[in-house]
Amino acid sequence: MLAAPINPSDLNMVQGTYALLPHLPSVGGNEGVGVVAEVGHHVSSVRPGDWVIPVDAALGTWRTEGVFSEEALVRVPSDISIVGAATLSVNPCTAYRLLSDYETLRPGDSVIQNASNSSVGQAVIQLAASLGITTINVVRDRPNLQSLVERLQDLGADHVITEEQLRKPEMKDLFKNCPRPRLALNCVGGKSTTEMLRHLDYGGTMVTYGGMAKQPVTIPVSALIFKNVKLCGFWVTQWKKDRYQNREEITKMIRDLCDLIRRGKLLPPPCTEWPLEDFSQALRDAQTPFLSRKQILIM
């Protein structure tokens, strides 16, 4: 292994609260990048020296070495950064599918999302910008709000608003210059979801892929009847499992994302790199609110 991040889903798995739990004893970590050291006689898809990332979750990437089946790995180019490769298989893949699979979005269309400074949120901003899609990005208020707004705008965010601003009547002014979103991306739940739904266009879709507030998604009946909105859930782990035997969609997605990374159109989230022996501090920082930095274990 070369490097592996610490994601919220990794922590949930360790805590025993995730939908997918490994058999114990187990190694933590669902994402990362490694370099192939040796291969068996019948292995044909990778060679020594290739960079590889996990296809599926629960591979156990917080380690220095491992022996895996070739079906569990997919090759990535070694001309992208180690951090870019290590953070590729979960959050950018989630963002890619969210923008591709639920609404037919064209340049000039808009998308609204909460948790916009999360790793998925930042990837959504950059992928949408590369497609000419406007993003309306909701974040929690915080002491360094202006710094966060500027950072998201640098990534390509068109509009950055707080959850408090989302609830105000002045929101209608935003839609004088921007079409109402056809797609809403929810990673929070609770009131944030309900408020986003109010601004969704007729017949639009809300996709829930997380629940950081640990509160239920509450949908007004009027939204279902009079606005004809659609509600969906997405879990990238299940999406990959469904395509485990036919990986053309997976390899195309990885190829597209690597091309964007190469062209500077998709940057990894701000990261702090830790040597593996400092994993305790890395885990503490990964659970610190408002830190807004991905913790990466360097092997």
Side-chain angles (χ1 to χ4, degrees), residues 7-8 91-92 94-95 98-99 103 105 108-129 133-201 204-220 222-223 227 229 231 234 267-271 285-295:
N7 290 317
N91 298 309
T94 297
L98 292 173
L99 291 172
E103 288 285 340
L105 298 171
D109 287 345
S110 70
V111 172
I112 189 169
Q113 64 167 345
N114 54 24
S116 302
N117 60 312
S118 67
S119 297
V120 172
Q122 293 180 49
V124 164
I125 289 169
Q126 295 175 85
L127 294 179
I133 296 166
T134 298
T135 53
I136 303 164
N137 303 281
V138 184
V139 297
R140 289 182 294 174
D141 202 357
R142 63 196 65 211
N144 62 339
L145 178 63
Q146 189 54 40
S147 172
L148 173 62
V149 170
E150 291 171 0
R151 182 157 61 80
L152 296 182
Q153 288 174 337
D154 288 343
L155 292 177
D158 298 282
H159 306 280
V160 183
I161 58 175
T162 65
E163 293 192 349
E164 290 73 20
Q165 291 171 315
L166 182 67
R167 300 186 186 105
K168 291 184 175 178
E170 290 78 14
M171 266 297 291
K172 66 178 182 297
D173 295 336
L174 187 149
F175 298 112
K176 292 177 181 177
N177 304 308
C178 165
R180 286 193 176 270
R182 300 263 325 141
L183 180 66
L185 306 176
N186 168 47
C187 184
V188 177
K191 292 180 180 177
S192 174
T193 310
T194 309
E195 292 299 327
M196 274 204 313
L197 196 67
R198 287 177 48 226
H199 303 293
L200 198 59
D201 198 13
T205 302
M206 173 176 281
V207 186
T208 294
Y209 67 95
M212 292 166 61
K214 295 182 170 60
Q215 295 174 356
V217 173
T218 305
I219 308 301
S222 59
K227 293 186 71 175
V229 299
L231 306 175
F234 178 76
L267 304 175
C271 297
D285 282 8
Q287 299 173 83
T288 302
F290 298 124
L291 199 59
S292 296
R293 296 186 70 84
K294 181 73 69 180
Q295 309 302 310

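Only heavy atoms go into these numbers, but all of them, side chains included; no hydrogens, no water, no symmetry mates. One-based numbering along the sequence shown.
- Heavy-atom minimum distance, L99 versus V124: CD1-O, 3.9 Å.
- In this structure, OG on S110 lies 11.5 Å from NE2 on H199, to the nearest 0.5 angstrom.
- Between the side chain of Q113 and the backbone N or O of L185 there is no donor-acceptor pair closer than 3.5 Å.
- In this structure the side chain of E195 never reaches within 4.5 angstrom of the side chain of M171, judged on heavy atoms.
- One N or O on the side chain of N114 and one on the backbone of C187 form a donor-acceptor pair closer than 3.5 Å.
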Just list the side-chain donor-acceptor pairs under 3.5 Å for residues 141-150, sequence neighbours left out, or say none.
from : atom 1 : to   : atom 2 : distance (Å)
R142 : NE     : R140 : O      : 3.2
Q146 : NE2    : E150 : OE2    : 3.4

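- Note that CG of N137 and OG1 of T162 are 12.5 Å apart. Values are rounded to the nearest 0.5 Å.
- With a 4.5 Å cut-off on side-chain heavy atoms, K294 and S119 count as touching.
- Considering all non-hydrogen atoms of both residues, P269 and Q122 come closest at CA-OE1, 3.8 Å.
- In this structure the side chain of L267 reaches within 4.5 angstrom of the side chain of Q126, judged on heavy atoms.
- With a 4.5 Å cut-off on side-chain heavy atoms, I136 and I161 count as touching.
- In this structure, the side chain of S116 engages the main chain of V138 through a donor-acceptor pair within 3.5 Å.
- Rounding to the nearest 0.5 Å gives a distance of 9.0 Å between CE of M196 and CD of E163.
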Could you check L166 against I112 for side-chain contact (heavy atoms from CB on, under 4.5 Å), going step by step and ending with a plain yes or no?
CA-CA 11 Å; L166 182 67; I112 189 169; 4.0 Å; yes
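- Heavy-atom minimum distance, P220 versus L197: CD-CD2, 3.8 Å.
- Nearest approach of A157 to I125, heavy atoms of both residues: N-CG2, 3.3 Å.
- A salt bridge links K176 with D173: the closest approach of a Lys/Arg side-chain nitrogen to an acidic carboxylate oxygen falls below 4.0 angstrom.
- Between the K227 side chain and the L200 main chain, a donor and an acceptor come within less than 3.5 Å of each other.
- Contact annotation: the side chain of T135 never approaches that of L152 to less than 4.5 Å [non-hydrogen atoms, C-beta and beyond].
- Separating the CZ atom in R198 from the OG1 atom in T193 is a distance of 13.5 Å, to the nearest 0.5 Å.
- In this structure, the side chain of D201 does not engage the main chain of P181 through any donor-acceptor pair within 3.5 Å.
- Residues G190 and Q215 share a closest heavy-atom pair of CA-OE1, 3.4 Å.
- If you take CE on M212 and CG on N186, they are separated by 10.5 Å, rounding to the nearest 0.5 Å.
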side-chain contact (heavy atoms from CB on, under 4.5 Å) assessment of H159 paired with T134:
CA-CA 8 Å; H159 306 280; T134 298; 4.0 Å; yes
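- Looking at T194, its side chain does come within 3.5 Å of a backbone N or O of T218 through a donor-acceptor pair.
- Closest heavy-atom contact between G121 and Y209: N-OH, 4.3 Å.
- Interatomic distance, L183 CG to T205 OG1, rounded to the nearest 0.5 Å: 6.5 Å.
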